[in-house]
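Presented below is the structure to which this report refers.
As the structure is a prediction and not an experimental result, all values here were calculated from the model.
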Amino acid sequence: MGFTKAQTDAMTARGRSLLVSAAAGSGKTFTLTRRIIDSIIADENKTISRMLIVTFTRSAAAELKKKIADALSDAIAEHPDNKHLQEELLKLGSAHISTIDSFFSAPVKANFEKLGLPASMRLADEAELIPLRESIFKETLEIFFKERSGISAGEMAGVGHRSVYTDFLSLITGIRDSSGIVPTLLGFYNKTLSVPGGVETLKSSAARMRDSANIDFFGVGDPWFDTVEGVIIHKDTKDLLKSAISKLEQLCKQVMNAANSALAEAPQSPSALALTEKILPALSYDIEQCEHLYNNLSEGYAHFHTVMQEHKFKSYPGLKGEKISSCSEETKNVRAKILDPVKKLKNGNFSYTPSQISTHFSSSAEVCDLLYELLSQFDKEYSNEKLSRGICEFSDMPKFVLKLLQNPDGSPTELANSMSKQYDEVYIDEYQDVNAIQDRIFELIGGDRRFMVGDIKQSIYCFRDAEPSIFASYREKFTKYDSENPENIPESGGNSIFMSENFRCDEGIVNFVNLVCDKIFSAFAESIGYDKENDNLKFGKIGPTFQPPKKVQVNIIEPAEEITDENGEIEESFELDENVDKLYDEAVICANEIARLIRDKNELNADGSKI
């Protein structure tokens, strides 16, 4: 069986960390299995027991273990005298192939005493944790505000009390009703659990914002003082203006082609003259104005704020005549779509003066300080209560592991170095769904021996604080692997490989998915590192194709109308059944379509076989 170049590269590239962007149906599991088996066959010193292989679900781990077992069995059949392969098959039962959660639990169980945990520690379920969490948080919140103002959080959320604390509640929760305070603030707390610094990140963020209040928002002239927010807005604005200039230039070409066509039909065509004498000069002026804004962006926030506030685009020229108006109106609409985002900068990101920016940073730092004080106190009380009860939760495991593997200064501990020496290769599946703590743990253990597989378009664990931006950052940082030109591969650092061929779906599905994803992901391509050339699926299904690609059918299921009572309130039964109804409607449509395809003798698979 032949392999694609990307598959071959993923199987054979060694000596560095690899990030493999494996599209749906690209043979990810097959490639991963072959890489493992080929390394064992090629080198008798390679053993499955010195490989760490983790994924997100038990079923995926079990499937991977089975495929490795099958591949080893096939290899043994080809090389019946190879004792090394036979030994590897025996070792497979105790190999380190598991879910991330299972892998994290092992070092925690082995180091209870070092972590200060009771040996009888157990994982509690949410039914036990939710009331405990809310109870402790409410108590912490009441004490927190009473100590600082003499009134309770509930009273403070009411009308009549204004202070930094009421502003804190208003800004954080966006509400005055105290019933929403606890879930909102707990949501903030849960977000801190997925970053290596935990709650302490808020403290460092407050310090950073106080520093940012005293420098230029864009940090022009001194990159050491770039503000995090300023860098993002500067880059986004720069990309927006570059895109606007490019699109306006493309529009000019289209207008010029239309003018040339009109001139070819009639040399003195009013339509052609209108296009060349009025519309093209107007578009050229728009390009000049966007270039003017782009060039001024590098002069710092204060300067660009002034330029933006004083800037105004000219009105689009009005033209008479049916044909002229039609062409003009179409161009006007396209121009508006290009320039509207640029015009919105004036009352959007650049509506604030430098002094207002500084004030916002200072007030945000105060709020961040308060949030840190509150959440760090809650974290202490909640952790102590769980410890006294001998319970923990899933989100505790990564924190415990990181505490075991990383010193306070960020350096690896002796245990981290010891665990790192246990593994020659570290394989992590579904890397688009890891969070910052998990990424740091795998970095400490795997170093430059990591094989990270994922697809940023298939990230589904955001409810567990997955951060696809981590996967995107590796794609941006790593050099694209080029086996045909090894001299271009850096000696250090990681490499990225794109497996874009889809061997599972018919061509119509592949084209439709590309159409949808390109529209969605290109809108924020910079933030996720979306690359149309590499990220779009390539049709690679093997086998005879007798039927032309069929059009994709899309069924849109409209939600049921809300059922309200006489007071206009949504009835409770509707709220409870709405999601169930949606699933039922989808199931009915799918079942009916399957039944139709089976009954209809004219419906055939792409290879001409009956469905």
Out of curiosity, [X] [atom1] to [Y] [atom2], how far, rounded to the nearest 0.5 Å?
X: S469; Y: I456; atom1: OG; atom2: CD1; result: 8.0 Å
X: K28; Y: D429; atom1: NZ; atom2: CG; result: 3.5 Å
X: L345; Y: L241; atom1: CG; atom2: CG; result: 6.5 Å
X: L280; Y: K278; atom1: CG; atom2: NZ; result: 13.5 Å
X: I357; Y: S364; atom1: CD1; atom2: OG; result: 10.0 Å
X: S395; Y: F400; atom1: OG; atom2: CZ; result: 9.0 Å

Tell me, yes or no, whether the heavy-atom count around [X] atom [atom1], taken from other residues, nucleotides or ligands under 6.0 Å, exceeds 12.
X: K457; atom1: NZ; value: yes
X: K344; atom1: NZ; value: no
X: K203; atom1: NZ; value: no
X: K242; atom1: NZ; value: no

Candidate pair R16 and L18, rule side chain to side chain contact (heavy atoms under 4.5 Å, CB included), full reasoning | CA-CA 6 Å; R16 67 197 67 238; L18 288 176; 4.2 Å; yes
Search all heavy atoms of [X] against all heavy atoms of [Y] and return the closest pair with its distance.
X: K346; Y: H311; result: NZ-O, 3.7 Å
X: L375; Y: L202; result: CD1-CD1, 3.8 Å
X: Q432; Y: G454; result: OE1-CA, 3.1 Å
X: L248; Y: C290; result: CD1-SG, 4.0 Å
X: V20; Y: F471; result: O-CZ, 4.0 Å
X: L374; Y: F144; result: N-CE1, 3.7 Å

[X] side chain to [Y] backbone, donor-acceptor under 3.5 Å:
X: R449; Y: S420; answer: yes
X: S358; Y: P354; answer: no
X: S17; Y: G447; answer: yes
X: T306; Y: A302; answer: yes
X: R475; Y: L19; answer: no
X: S473; Y: I470; answer: yes
X: E299; Y: N296; answer: no
X: R440; Y: G410; answer: yes

Got [X] and [Y] here, is their nearest side-chain heavy-atom distance under 4.5 Å?
X: L185; Y: L371; answer: yes
X: R14; Y: E425; answer: yes
X: L537; Y: I509; answer: no
X: N349; Y: E229; answer: no
X: F442; Y: M452; answer: no
X: F498; Y: E533; answer: no
X: C252; Y: I287; answer: yes
X: Q356; Y: S351; answer: no

Between F378 and Y189, what is the ring plane arrangement, given parallel below 30°, perpendicular above 60°, and tilted in between?
->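 Ring orientation, 0 to 90° scale: perpendicular.
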Anything under 30° is parallel, anything over 60° is perpendicular, the rest tilted; go ahead and classify H305 against Y301.
->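 Rings of H305 and Y301: parallel, as their planes differ by under 30°.
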Looking at T55, I100, D455, V453, which hits side chain to side chain contact (heavy atoms under 4.5 Å, CB included) with E430?
->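 One option only clears the test, and that one is T55.
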What's the verdict on side chain to side chain contact (heavy atoms under 4.5 Å, CB included) for L293 and F304, showing C-alpha distance, side-chain angles and the deciding distance?
-> CA-CA 8 Å; L293 292 175; F304 191 76; 4.2 Å; yes
Between D211 and R208, is the closest basic N to carboxylate O distance under 4.0 Å?
->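 The answer is no: the pair does not qualify as a salt bridge.
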Flag the pair D239 and K235 as a salt bridge only when some basic side-chain nitrogen lies within less than 4.0 angstrom of an acidic carboxylate oxygen.
->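 K235 and D239: salt-bridged.
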Starting from the C-alpha separation in whole Å, work towards a yes-or-no answer on side chain to side chain contact (heavy atoms under 4.5 Å, CB included) for E200 and S204.
-> CA-CA 7 Å; E200 292 295 318; S204 58; over 6 Å; no
Walk me through it: do K480 and N534 pass the test side chain to side chain contact (heavy atoms under 4.5 Å, CB included)?
-> CA-CA 11 Å; K480 189 174 179 181; N534 290 308; 3.1 Å; yes
